[in-house]
Amino acid sequence: MAATYAALADPVTAVVDLLENNWTEVASGVGTTPTIGESWTLGKKNLKNGDIIRCYEVSGGHDMLGIGKGVDRHSASIAIDMSTAVSRDRLRRLYTGVVHLIHAARSASLEAAPFSSHASTSDYANIVLTSRTDLSDRNRRWYRYVLNCDITSYEVVN
């Protein structure tokens with residue numbers, strides 16, 4: 001018995017699109033727009049040239065809901081890695097901007113309405129913040145947070 005699944009947008013691309021397409025909502029608190037992208041496309045970047053937000057997938061999984069064919073709940077844990085060489089205050093502003101966008105996506109208050117109607121994020125039903133890790137190195141003047149979030153999609157299995 002074969003199951004058919006919809007072609008979902010890459011979960012990392014969905015989170016990057018959310019941040020890139022809506023960053024102007026929070027840019028005034030940061031001052032400049034950081035370089036935002038998927039970790040495999042950004043390559044090496046010098047923090048002296050600006051702030052960086054890299055996104056990459058940490059893990060993913062499927063959970064069959066219901067009896068019989070049912071519904072497949074796909075969840076992916078995405079890391080949002082924020083770095084700056086400016087100051088800890090600048091890092092906090094980057095972090096606040098990212099959190100603001102994720103909260104707005106959950107409430108669908110953004111104009112682009114991510115996670116409901118935007119082309120690459122419409123496959124995903126929800127985004128939830130889960131944890132934050134401070135990986136700053138004060139000796140090298142490198143300020144860094146890694147914020148984890150989970151995104152979820154639901155698919156009917158035919």
Side-chain angles (χ1 to χ4, degrees), residues 8-63 72-155:
L8 292 174
D10 182 70
V12 175
T13 303
V15 174
V16 168
D17 284 350
L18 167 68
L19 298 177
E20 279 186 323
N21 295 330
N22 298 289
W23 190 260
T24 57
E25 295 280 330
V26 296
S28 60
V30 176
T32 60
T33 302
T35 301
I36 302 171
E38 297 146 341
S39 62
W40 54 84
T41 59
L42 285 180
K44 290 184 177 182
K45 296 285 183 185
N46 188 342
L47 283 178
K48 301 292 184 197
N49 297 333
D51 307 325
I52 300 171
I53 298 178
R54 296 176 187 271
C55 297
Y56 50 91
E57 187 170 1
V58 176
S59 64
H62 292 270
D63 185 19
D72 180 13
R73 181 182 73 192
H74 173 254
S75 60
S77 180
I78 307 297
I80 303 170
D81 193 334
M82 298 164 270
S83 303
T84 184
V86 177
S87 67
R88 184 156 178 85
D89 180 59
R90 173 70 162 232
L91 177 65
R92 289 295 301 173
R93 286 184 282 163
L94 285 170
Y95 168 74
T96 302
V98 170
V99 169
H100 169 77
L101 289 175
I102 291 173
H103 287 170
R106 284 183 52 85
S107 67
S109 66
L110 290 178
E111 192 172 316
F115 293 87
S116 61
S117 65
H118 190 268
S120 64
T121 58
S122 61
D123 297 332
Y124 296 94
N126 202 5
I127 183 168
V128 178
L129 295 171
T130 56
S131 65
R132 182 190 78 213
T133 306
D134 186 349
L135 298 174
S136 298
D137 186 344
R138 297 185 203 289
N139 293 331
R140 293 184 180 156
R141 293 194 43 85
W142 183 34
Y143 305 97
R144 181 178 173 205
Y145 278 160
V146 178
L147 178 65
N148 291 312
C149 64
D150 288 338
I151 64 172
T152 307
S153 69
Y154 297 93
E155 303 172 67

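Values in this document were obtained by computation on a predicted structure and should not be read as measured data.
- The shortest side-chain heavy-atom distance between Trp23 and Ile53 falls under the 4.5 Å cut-off.
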(request) Start with the C-alpha gap between Cys149 and Ile127, add the side-chain angles, then the distance that decides, and say whether side chain to side chain contact (heavy atoms under 4.5 Å, CB included) holds. (result) CA-CA 7 Å; Cys149 64; Ile127 183 168; 4.0 Å; yes

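- In this structure, Val99 and Leu147 have side chains that are in contact, with non-hydrogen atoms separated by less than 4.5 Å.
- To the nearest 0.5 Å, atom CD1 of residue Ile36 and atom CG of residue Leu19 are 5.5 Å apart.
- Within the 3.5 Å criterion, the main-chain N or O of Val58 finds no donor-acceptor partner in the side chain of Ser77.
- Residue Glu57 holds its CD atom at 11.0 Å from CD of Glu38, rounded to the nearest 0.5 Å.
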(request) In sequence, state the C-alpha distance, the side-chain angles, and the governing distance for Asn126 and Asp150, and then conclude on side chain to side chain contact (heavy atoms under 4.5 Å, CB included). (result) CA-CA 8 Å; Asn126 202 5; Asp150 288 338; over 6 Å; no

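- Between Met82 and Leu91, some side-chain heavy-atom pair lies under the 4.5 Å cut-off.
- Taken to the nearest 0.5 Å, the CG atom of Asn22 stands 11.5 Å off from the CD1 atom of Ile102.
- Rounding to the nearest 0.5 Å places OG1 of Thr152 at 9.0 Å from NE2 of His74.
- Here the OG1 atom belonging to Thr96 is positioned 11.0 Å from the CG atom belonging to Leu101, to the nearest 0.5 angstrom.
- The line from CD1 of Ile78 to OH of Tyr124 is 7.5 Å long, rounded to the nearest 0.5 Å.
- At a threshold of 4.5 Å between non-hydrogen side-chain atoms, the residues Asp137 and Arg144 do not count as touching.
- Listed here is the closest heavy atom pair of Val12 and Cys55: CG1-O, 3.5 Å.
- Checking side-chain atoms of Arg141 against main-chain N and O of Val86 turns up a donor-acceptor pair under 3.5 Å.
- No donor-acceptor contact under 3.5 angstrom links the side chains of Tyr143 and Arg92, judged on distance only.
- Under the 3.5 Å distance criterion, with hydrogens and angles disregarded, a donor-acceptor pair is assigned to the side chains of Asp134 and Ser136.
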